Amino acid sequence: MHILRLPALGETMEMGTIIAWYKAEGEEVAVGEALYEVENEKSAIVVDAMGAGLLAKIVAPVSTEVRVGAPVAVMAEVGSMPTQEQIATLLSGESIADAPAGGPSAPGPATQLTPERKESAARERIRAMPKARALAKSLGVDLAGVQGTGRAGIITPDDVEAAAAEAGPSGPRVRERRPLRGYPRAMAAAMARNWTEIPHFSQTVSVWAGPLLIRLAACRSEGLEVSLNDLMVSAVAEACREVPEVNAALSGKAVIVYDEVNVAVGVDTPHGLAAPVVHGADRMGLGELAGEIRRLADAARRRKLTFSDIGGATITTSNLGPRGVDFGTPIISVNTAATVYFGTIAERPMVVDGQVVAGPTFYVSGAFDHRVVDGATGARFLRALGAVLESE
C-alpha cells in the first residue's frame with residue numbers, strides 16, 4: 001500500500017485541481033490506464049497509472065485543489081483491499097489543499113480536548129475551508145455569520161469575500177462573481193510572477209504583408225492546409241536560428257542558449273488561454289509544422305494536452321491579428337527570454353519608390369527579458385524575423 005501524490009505537470013505548476021476520476025474506489029488499475037484528470041495553469045491533463053494496483057482510497061475528490069506532492073489517492077496491491085484503519089494510519093500527518101466538504105481527509109487518532117481548547121474547538125465546528133478561515137481573519141469577517149455555498153454548506157473563500165463586500169461601504173452593483181479556478185487562477189498567478197520578476201522591454205516593427213499573403217495563396221493552391229499563423233510560427237523558428245541569443249533563458253547566474261527551437265503557440269479555448277509547444281519547430285517542414293499546430297490546438301480545446309505538449313518551450317508566440325488587434329506588449333513566459341506578438345494585417349499607408357500607397361502591413365512586437373537580451377540583440381532578432389516574413 002502506498003500514497004499516490006500529485007506530480008508536477010508543468011515547469012511552474014504549484015497547484016492542480018482534480019476535475020475527473022476515471023476509476024472508482026475498489027477498482028483495479030492496469031499500467032497505462034487513465035486514472036484521473038487534473039487541471040493546471042495551462043491545460044487539463046489525464047494522469048495514467050505508472051503501475052498496476054487497486055485504487056483503495058480517493059483522497060482528493062473532484063473539485064479538490066491539490067498542491068504538487070500532496071496525496072490524491074491510496075493504492076494497494078491487487079486483491080488486498082486495506083482496512084479504513086490501515087488507510088488512516090498511512091495518511092496520518094498528510095494534508096490536502098482546499099478539499100471540498102465531504103471529501104476524505106487524513107484521519108488521525110482521537111484527541112481529548114483540554115479546557116484551553118474548548119473555545120477553539122467550538123470555532124472549528126463552523127465548517128470552512130482553511131483558506132476561507134485565513135481570509136476571514138485578514139478581512140475581519142466573523143465566519144459564524146457567513147452562509148457557506150460549498151459542498152454540504154462548507155464556507156469557501158468566495159463566501160468570505162462576498163460577506164466582506166456586503167459589510168463594507170457601498171459601491172457599484174456587482175453583475176456576477178467569477179471565482180478564479182483552474183486555468184484562470186493559475187494564469188493570474190503565473191502572469192503576476194512573470195511580470196514582477198522578469199525585467200521586460202518591448203520593441204515593435206512594421207512588416208509588409210504582401211509576400212506573406214502570396215506565399216499563403218501558393219501553399220493553398222498546392223493543397224497544403226496552412227494558415228497565416230503557421231507561416232508566422234515558422235518564421236519565428238527561422239529567425240531564432242539566425243539570432244540564437246533570443247532563444248535563451250536565465251538559469252541561476254548563467255544565460256543558457258537553447259540548441260532547439262520549441263515554440264509555444266497561444267491558443268484561445270472555451271476554458272481559457274493555452275500555450276502548447278511545437279517541439280523542434282526549426283526542423284519541421286511547413287506542412288508538418290501546420291499539422292502539429294492543428295493537433296495541439298485541437299487537443300487544447302478538448303482539454304487533452306499531455307505533459308509533453310505543454311513543457312519545454314524556448315520562445316512564445318501570440319497572434320491576436322484575427323481579432324483585429326494591431327499590436328501589444330506581451331508578457332514573457334518562465335524559462336524563456338522572448339515572446340513575439342503578431343498584429344492584424346490591414347491596408348495602411350506605406351512608401352514604395354518614393355510614393356505613398358496603400359498596402360497590407362502588420363506590426364510584430366517582441367517582449368524580451370533584459371537580463372538575457374539587450375536592445376541591440378532584440379532589434380537584430382526583429383529585423384531578421386521581418387526579413388523572413390517579407391521574403392518572396
Side-chain angles (χ1 to χ4, degrees), residues 8-15 40-42 68 183 185-207 232-267 273-282 307-308 310-320 325 327-343 363-389:
L9 301 172
E11 295 163 337
T12 61
M13 179 175 168
E14 296 178 355
M15 305 288 290
N40 65 5
E41 71 269 23
K42 295 182 178 180
V68 169
Y183 286 159
R185 178 173 179 168
M187 179 70 71
M191 291 302 100
R193 181 177 61 249
N194 293 352
W195 182 254
T196 55
E197 294 181 1
I198 299 175
H200 288 57
F201 76 92
S202 297
Q203 297 175 338
T204 300
V205 295
S206 177
V207 177
M232 292 169 175
V233 172
S234 177
V236 167
E238 186 173 338
C240 282
R241 279 301 183 189
E242 293 188 34
V243 188
E245 295 84 358
V246 167
N247 191 53
L250 185 69
S251 178
K253 295 183 178 180
V255 171
I256 56 173
V257 179
Y258 296 111
D259 191 39
E260 55 187 56
V261 182
N262 302 333
V263 184
V265 181
V267 177
L273 182 70
V277 180
V278 181
H279 292 265
D282 56 320
F307 179 48
S308 61
I310 62 174
T314 63
I315 191 167
T316 303
T317 65
S318 178
N319 180 11
L320 283 182
V325 179
F327 59 87
T329 53
I331 297 178
I332 302 164
S333 298
V334 69
N335 294 331
T336 68
T339 297
V340 181
Y341 184 97
F342 295 101
Y363 295 103
V364 179
S365 301
F368 304 98
D369 183 344
H370 218 327
R371 301 169 300 178
V372 179
V373 179
D374 58 30
T377 303
R380 282 197 297 118
F381 172 76
L382 287 179
R383 284 200 305 271
L385 177 55
V388 175
L389 292 166

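The structure presented is a predicted model; accordingly, all values stated were derived computationally and were not measured.
- Arg371 places none of its side-chain heavy atoms less than 4.5 Å from the side chain of Val255.
- In this structure, the side chain to side chain contact (heavy atoms under 4.5 Å, CB included) partners of Thr329, at least two apart in sequence or on a different chain, are Ser202.
- Identified under the salt bridge (charged side-chain N to carboxylate O under 4.0 Å, His left out) test for residues 377-386, with sequence neighbours left out: Glu245-Arg380.
- For Tyr258, the ring pair (Phe, Tyr, Trp, His ring centres under 6.0 Å) test picks out no residue, with sequence neighbours left out.
- In plain terms, the two heavy atoms of Ser333 and Ile198 that are nearest each other are O-CD1, 4.4 Å.
- The two residues Ala249 and Asn335 make their nearest non-hydrogen contact at CB-O, 3.3 Å.
- Residue Ser234 holds its OG atom at 9.5 Å from CG of Leu389, rounded to the nearest 0.5 Å.
- Expressed to the nearest 0.5 Å, how far CG of Asn319 lies from OH of Tyr341 amounts to 8.0 Å.
- Counting all heavy atoms, side chain and backbone alike, Ala237 lies closest to Val261 at CA-CG1, 3.9 Å.
- Every residue was checked against the side-chain hydrogen bond (donor to acceptor under 3.5 Å, both in side chains) condition with Gln203, not counting sequence neighbours, and none meets it.
- Rounding to the nearest 0.5 Å places NE2 of His200 at 6.5 Å from OG1 of Thr339.
- Under the 3.5 Å distance criterion, the side-chain polar atoms of Thr377 are left unmatched by any main-chain donor or acceptor of Val373.
- Shown here for Val257 and Pro244, the closest heavy-atom pair between the two residues is CG1-O, 3.3 Å.
- Under a 3.5 Å cut-off, the side chain of Asn247 and the backbone N or O of Glu260 do form a donor-acceptor pair.
- Annotation: side chain of Met232 is not in contact with side chain of Thr317 (no heavy-atom distance under 4.5 Å).
- Of all the heavy atoms in Ala275 and Ala264, the pair that sits closest is O-CB, 4.0 Å.
- Rounded to the nearest 0.5 Å, atoms CG (Asn194) and CD1 (Ile332) are 8.5 Å apart.
- Between the CZ atom of Arg193 and the CD1 atom of Ile331 there is a distance of 11.5 Å, given to the nearest 0.5 Å.
- Residues satisfying the ring pair (Phe, Tyr, Trp, His ring centres under 6.0 Å) test with Phe368, not counting sequence neighbours, are Phe201.
- The side-chain contact (heavy atoms from CB on, under 4.5 Å) test with Cys240 is passed by exactly one of Ile315, Leu385, Val263: Ile315.
- Remark: the backbone N or O of Asn262 is paired with a side-chain donor or acceptor of Thr314 at under 3.5 angstrom.
- Among residue pairs with one or both ends in residues 235-244, those qualifying as side chain to side chain donor-acceptor pair (under 3.5 Å) are Arg241-Asp282; sequence neighbours excluded.
- For the pair Ser365 and Val340, the minimum side-chain heavy-atom distance is 4.5 Å or more.
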